[in-house]
Engineer: 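Got a structure here, written out as structure tokens. Questions coming.
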Amino acid sequence: MLYNHTLNDISTNTNTGVEFEIALFYKLLSNKPAEQHQVKLAIDRRHDRKKVEEIINYTSTEKIIRALNARGLTYKDASFETQNDEVGPADVVMITVDKTGKEEKIGLSIKYSNTCTLNVTGRKFITDAQISALKDKYARKYVPAYREYMKKEYGDAENWHRKKSPVTDQMIDEIRDAVLANWPNVENKVALMQNLFHAASPIEFWVVNYGRGGYDLKTVPSTIDVRRAKDVEVRKYQTSYIAFYLDNVRVGHMQVKFNNGFIESNFNHKGLRKKQSCDFVEDGLEFNYGQPFGSWNFSVED
DNA sequence: ACACGTGTCATTGCGCAATG
DNA sequence: CATTGCGCAATGACACGTGT
């Protein structure tokens, strides 16, 4: 089925990974040729239509249909739900029919070679006071250290893009210390865990994980008994992660990260200015401070 | 006083690509 | 070639200035 906005979304949305959602949605509409044709025309208006067509060519819905049948459900229709939180983590919602003729919705969370299941703000883990102190230290200590390191290692600022620095690791490590210190004080752990594990999705969802040449289907997403949230422990894990443990078993991990890099260029990659003001200029390039607390990446362990 | 545009921050969504 | 640190896009809330 198509909502009023569906075709427009398909033509214009450029969120990362949307190509895969569009391709699978297109294939699912095979039993609605008229709608599928409209979707095709919408895809043709995309700048990356070639890529979408490529994905369509190697995508078969067979695996999904079979899994539905094994569950006693018959596929009937699908809707395109990108960026719609109302349906939980699903990007596409399938309308199915059970043996008694009753409709049941099952969502598909569609991903391409990444394990992040949710982005969460660091503010759920540390206090405002901790954030203020860290922000202060960021501007006074870490940014100067970063500029010095990058200059020495990579030269002009135009060469800094996507390059790594130990300064970033140090700042992230300090944020992780703050998370560990504050963990006993975090109040709403059940709600937090429910959120992290999508344990209260309004619609059951399956995970479609694309790799090269196809996808894996997971009809039983990994989760924990969120009622035991107060027993969850946190520890540092690798360079930038916080790992979550229940009964000493790692059940998930979360990357503490800057949303758009340690520092942000004041121009997006299309060359558009992002802000009026900038925090500093390096080699004639405008930069703004980064966002260390937004968009941490949470992944469920398999 | 209030509507309206502009600018910024915060939140959430997602994959890419440097690195070893 | 897998990891894992780095980065891009959309959107809602809110503050603030300007015009009516």
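Quick note: numbers below take in every heavy atom, side chains included, and nothing from hydrogens, waters or symmetry partners. In the text below, chain A, chain B and the rest are named by the order of the sequence lines, each starting its count at 1. Keep in mind it's a predicted model, so treat the numbers as computed, not measured.
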Engineer: At under 4.0 Å between heavy atoms, what does A:T82 touch on the DNA or RNA strands: base, sugar-phosphate, or nothing?
Structural biologist: nothing
Engineer: Rounded to the Å, how far apart are A:K163 NZ and B:dG20 P?
Structural biologist: 12 Å
Engineer: Tell me what A:N297 touches on the nucleic acid: a base, only sugar-phosphate, or nothing, going by heavy atoms under 4.0 Å.
Structural biologist: base
Engineer: Could A:R235 and A:E233 be called an ion pair, given the rule that one side-chain N must be under 4.0 Å from one carboxylate O?
Structural biologist: yes
Engineer: With sequence neighbours left out, which residue pairs that include part of residues 69-81 of chain A fulfil the salt bridge (charged side-chain N to carboxylate O under 4.0 Å, His left out) condition?
Structural biologist: A:K32-A:D77, A:R71-A:E204, A:K76-A:E103
Engineer: If you assign A:S113 and A:G88 each to the DNA chain B nucleotide with the nearest heavy atom, which residue ends up on the more 5' nucleotide?
Structural biologist: A:G88
Engineer: Can you list, by residue number, the residues of residues 148-157 of chain A that have a non-hydrogen atom closer than 4.0 angstrom to DNA chain C?
Structural biologist: none
Engineer: Treating primed atoms plus P, OP1 and OP2 as sugar-phosphate and everything else as base, which nucleotides of nucleotides 13-18 of chain C get B, S or - for protein heavy atoms under 4.0 Å?
Structural biologist: ------
Engineer: Could you tell me how the ring of A:F280 sits relative to the ring of A:F287: parallel (under 30°), tilted (30 to 60°) or perpendicular (over 60°)?
Structural biologist: parallel
Engineer: Specify the residues of residues 1-27 of chain A, ordered by number, for which at least one heavy atom lies under 4.0 angstrom from an atom of DNA chain C.
Structural biologist: A:T14, A:N15, A:T16
Engineer: Just the rounded figure in Å: distance from P of B:dG13 to CZ of A:F298.
Structural biologist: 13 Å
Engineer: When you look at A:N182 and A:N185, which way does the side-chain hydrogen bond (donor to acceptor under 3.5 Å, both in side chains) test go after all the steps?
Structural biologist: CA-CA 5 Å; A:N182 191 54; A:N185 308 324; 3.2 Å; yes
Engineer: Mapping A:S109 and A:H161 onto DNA chain B by nearest heavy atom, which one lands closer to the 5' end?
Structural biologist: A:S109
Engineer: Please work out whether the ring planes of A:F258 and A:Y138 are parallel, tilted or perpendicular, with thresholds of 30° and 60°.
Structural biologist: tilted
Engineer: Write out a two-atom table: protein N or O, nucleotide N or O from nucleotides 10-12 of chain B, distance below 3.5 Å.
Structural biologist:
| residue | atom | partner | partner atom | Å |
| --- | --- | --- | --- | --- |
| B:dA10 | OP1 | A:R123 | NH2 | 3.4 |
| B:dT11 | OP2 | A:T121 | OG1 | 2.9 |
| B:dT11 | OP2 | A:R123 | NH1 | 3.2 |
| B:dT12 | OP2 | A:T121 | N | 3.4 |
| B:dT12 | O4 | A:N259 | ND2 | 2.8 |

Engineer: How many Å lie between CG on A:D48 and C1' on B:dC16, as a whole number?
Structural biologist: 15 Å
Engineer: Between A:G261 and A:Y237, which is nearer to the 5' end of DNA chain C once each is assigned its nearest nucleotide?
Structural biologist: A:Y237
Engineer: Assess the residue pair A:K111 and A:T115 against the criterion (side-chain hydrogen bond (donor to acceptor under 3.5 Å, both in side chains)); give the C-alpha distance rounded to whole Å, side-chain angles, the decisive distance to 0.1 Å, and a yes or no.
Structural biologist: CA-CA 8 Å; A:K111 323 194 63 57; A:T115 60; over 6 Å; no
Engineer: Whole Å only: how far is the CZ atom of A:R162 from the C1' atom of B:dT19?
Structural biologist: 12 Å
Engineer: What's the closest nucleotide to the A:D91 side chain, out of B:dT8, B:dA18, B:dC14?
Structural biologist: B:dC14
Engineer: Could you give the CD1-to-C1' distance, from A:I172 to C:dC6, as a whole number of Å?
Structural biologist: 9 Å
Engineer: Under the 3.5 angstrom rule, does the side chain of A:D98 hit a backbone N or O of A:K102 as a donor-acceptor pair?
Structural biologist: yes
Engineer: The criterion is side-chain hydrogen bond (donor to acceptor under 3.5 Å, both in side chains); which residues satisfy it with A:E158, sequence neighbours excluded?
Structural biologist: none
Engineer: Return the orientation label for the A:W183 and A:F125 ring planes: parallel under 30°, perpendicular over 60°, tilted otherwise.
Structural biologist: parallel
Engineer: Looking at C:dC6, B:dC14, B:dC16, which one has an atom nearest to any side-chain atom of A:K51?
Structural biologist: B:dC16
Engineer: Are A:E286 and A:R273 close enough for a salt bridge, meaning some N to O gap below 4.0 Å?
Structural biologist: yes
Engineer: For A:R250 and A:Y237, which I'm curious about, is there any donor-acceptor pair between the side chains at under 3.5 Å?
Structural biologist: yes
Engineer: Under 4.0 Å, counting only non-hydrogen atoms across every strand here, what does A:K257 touch: a base, just sugar-phosphate, or nothing?
Structural biologist: base
Engineer: May I have the distance from A:R273 (atom CZ) to C:dC8 (atom P), rounded to whole angstrom?
Structural biologist: 17 Å
Engineer: What heavy-atom pair brings A:Y112 and A:G211 nearest, and what distance separates the two atoms?
Structural biologist: CE1-O, 3.8 Å
Engineer: What are the two closest heavy atoms between A:R46 and A:N13, and how far apart are they?
Structural biologist: NH1-O, 2.7 Å
Engineer: Touch check for A:E264, heavy atoms < 4.0 angstrom, all strands: base, sugar-phosphate only, or nothing?
Structural biologist: nothing
Engineer: Start with the C-alpha distance between A:E53 and A:K40, add both sets of side-chain angles, then the distance that settles salt bridge (Lys or Arg N to Asp or Glu O under 4.0 Å), and finish with yes or no.
Structural biologist: CA-CA 9 Å; A:E53 282 163 15; A:K40 174 68 177 133; 3.1 Å; yes
Engineer: Identify the heavy atoms of A:A243 and A:Y245 that sit nearest to each other, and give their distance.
Structural biologist: CB-CE1, 3.5 Å
Engineer: Measure CG/A:N288 against C1'/C:dG7 and give the value in whole Å, please.
Structural biologist: 15 Å
Engineer: Can you tell me the distance, in whole Å, between the NZ atom of A:K274 and the P atom of B:dC9?
Structural biologist: 11 Å
